[in-house]
Amino acid sequence: MILVVERPSRPLGNPTLRSMFEARKRVFVDLLKWDVPVLQGRYEIDQFDDPNAVYIIVTDRDGGHLGSARLLQTMRPHILGTLFPRLCAGDPPRGSGILEITRFCLDRSQGGAQRIATRNRLVSALVDYALDRGVTSYVGVAEMAWLQQVLAFGWACRPLGAPLVVDGRLLGALRIEIEPNTPALLSWNGIYAPHSLAPNRELEPA
């Protein structure tokens, strides 16, 4: 299932969201060694996980986390505009139709083939969400290996500036244009597959 979670009032009050924050801790803190906040030693939650964040979550049949991404409004404080504006050759893009993709997370419990399948489902869901909500562009910050993958997906995507080494990591910023032909562009590379997006009502507090 693909869940869209908007304005969660109690993020840790639901097992699916808890599973997502635990997965983020395993990926970004344990594996990638990011210096980011950890709550209760288990959950990777930062200042951007506020009621304005939107979460796209890929789950298994039991509601367990397989992959997720967080979307932030660029008219509000967000990672590129607040923490990494120097990654852009000009001003960081902002606008009501521009969202930032952050915390793109694939659960480490999956094997290689399943991780690719989850990645493709999550990318497809992000495109479907944008087309449904009138989002024209996504922006984001990524380490170089992941940034190169995203650029190669086949959609209309470009760097926003030269990569820079920040705290020992080579980072770059990018912008992805979401257009009616984006699903077709991704399909040519075997990435896009349409899915139904389940709204908030599918994710009630436990």
Side-chain angles (χ1 to χ4, degrees), residues 5-7 11 20-21 23-39 43-57 67-106 108 119 122-123 125-127 129-131 133-179 182 185-186 189 191:
V5 183
E6 298 174 302
R7 300 178 181 85
M20 178 190 71
F21 290 123
R24 281 174 32 175
K25 192 263 184 182
R26 290 192 294 270
V27 170
F28 300 118
V29 178
D30 298 343
L31 178 64
L32 298 179
K33 308 301 181 184
W34 288 10
D35 182 16
V36 292
V38 175
L39 184 64
Y43 308 109
E44 189 277 299
I45 299 178
D46 69 9
Q47 68 268 36
F48 300 105
D49 289 301
D50 63 21
N52 295 290
V54 175
Y55 303 98
I56 310 293
I57 307 173
S68 56
R70 179 181 65 187
L71 301 178
L72 302 176
Q73 301 171 28
T74 57
M75 298 298 289
R76 298 180 56 84
H78 60 289
I79 289 176
L80 178 60
T82 303
L83 302 180
F84 301 107
R86 60 191 181 279
L87 293 176
C88 298
D91 293 332
R94 300 177 188 270
S96 58
I98 304 173
L99 297 183
E100 181 181 53
I101 300 175
T102 71
R103 296 305 195 265
F104 192 103
C105 178
L106 302 176
R108 295 183 66 188
R119 180 203 69 184
L122 186 52
V123 169
L126 288 166
V127 172
Y129 179 86
L131 292 173
R133 302 302 179 92
V135 176
T136 58
S137 303
Y138 285 125
V139 296
V141 175
E143 295 193 34
M144 188 52 52
W146 175 234
L147 187 146
Q148 290 173 334
Q149 286 188 52
V150 175
L151 289 171
F153 282 173
W155 49 14
C157 180
R158 60 181 176 85
L160 289 170
L164 296 174
V165 176
V166 181
D167 296 330
R169 295 182 290 147
L170 185 60
L171 303 179
L174 71 162
R175 177 169 181 161
I176 304 163
E177 305 297 341
I178 303 298
E179 301 165 330
T182 300
L185 293 175
L186 293 173
N189 284 335
I191 292 173

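Counting begins at 1 with the first residue of the sequence.
Under the 4.5 Å side-chain criterion, counting only non-hydrogen atoms from C-beta, Y43 is not in contact with D49. You'll find the side chain of F21 stays beyond 4.5 Å of the side chain of E44, heavy atoms only. In this structure, Q149 and L147 have side chains that are not in contact, with every pair of non-hydrogen atoms separated by 4.5 Å or more. Side-chain contact between Y129 and L71 is present, with at least one heavy-atom pair separated by less than 4.5 Å. Contact annotation: the side chain of L87 approaches that of L164 to within less than 4.5 Å [non-hydrogen atoms, C-beta and beyond]. Using a 4.5 Å cut-off on side-chain heavy atoms (C-beta onward), L171 and E143 make contact. For the pair L122 and I56, the minimum side-chain heavy-atom distance is below 4.5 Å. Annotation: side chain of R133 is not in contact with side chain of V54 (no heavy-atom distance under 4.5 Å).
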For this session: Take S68 and Y55 through the test side chain to side chain contact (heavy atoms under 4.5 Å, CB included) and record every step on the way to the result.
Result: CA-CA 7 Å; S68 56; Y55 303 98; over 6 Å; no
Exercise. Does the pair L126 and I176 meet the rule for a side chain to side chain contact (heavy atoms under 4.5 Å, CB included), with working shown?
Worked result: CA-CA 11 Å; L126 288 166; I176 304 163; over 6 Å; no
For this session: Would you sort out whether V29 and V36 count as a side chain to side chain contact (heavy atoms under 4.5 Å, CB included), showing the intermediate values?
Result: CA-CA 7 Å; V29 178; V36 292; 3.6 Å; yes
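Taken to the nearest 0.5 Å, the CG atom of D30 stands 3.5 Å off from the NZ atom of K25. Note that the OH atom of Y138 and the OG1 atom of T182 stand 10.5 Å from one another [nearest 0.5 Å]. The distance from atom CG of L72 to atom CG of L99, rounded to the nearest 0.5 Å, is 8.5 Å. Atom CZ in R175 sits 6.0 Å away from atom CZ in R158 (nearest 0.5 Å). Interatomic distance, H78 NE2 to R76 CZ, rounded to the nearest 0.5 Å: 12.0 Å. Put simply, CZ on R119 and SG on C105 are 15.0 Å apart, with the number rounded to the nearest 0.5 Å.
The two atoms that bring L186 and V123 nearest to each other are CD1-CG1, 4.0 Å, heavy atoms only. Taking every heavy atom of both residues into account, G140 and E100 meet most closely at CA-CG, 4.3 Å. Among all heavy-atom pairs drawn from V135 and I178, the shortest one is O-CB, 3.9 Å. In terms of heavy atoms, L80 sits closest to P93 at CD2-CD, 4.3 Å.
Looking only at distances, a side-chain donor or acceptor of T74 sits under 3.5 Å from a matching main-chain atom of I98. Between the side chain of T136 and the backbone N or O of G97 there is at least one donor-acceptor pair closer than 3.5 Å. When atom types are taken as modelled, the side chain of W155 and the backbone of V150 share a donor-acceptor pair closer than 3.5 angstrom.
By the 30° and 60° cut-offs, the orientation of the rings of W146 relative to F104 is tilted.
The pair D46-R103 meets the salt-bridge criterion, with a side-chain N (NZ, NE, NH1 or NH2) lying under 4.0 Å from an Asp/Glu carboxylate O.
Residues that satisfy the side-chain contact (heavy atoms from CB on, under 4.5 Å) test with N189, not counting sequence neighbours, are I191. With sequence neighbours left out, the side chain to side chain donor-acceptor pair (under 3.5 Å) criterion links Q73 to no other residue.
Geometrically, R24 does not engage W34 in a cation-pi contact defined by less than 6.0 Å to the ring centre and at most 45° from the axis.
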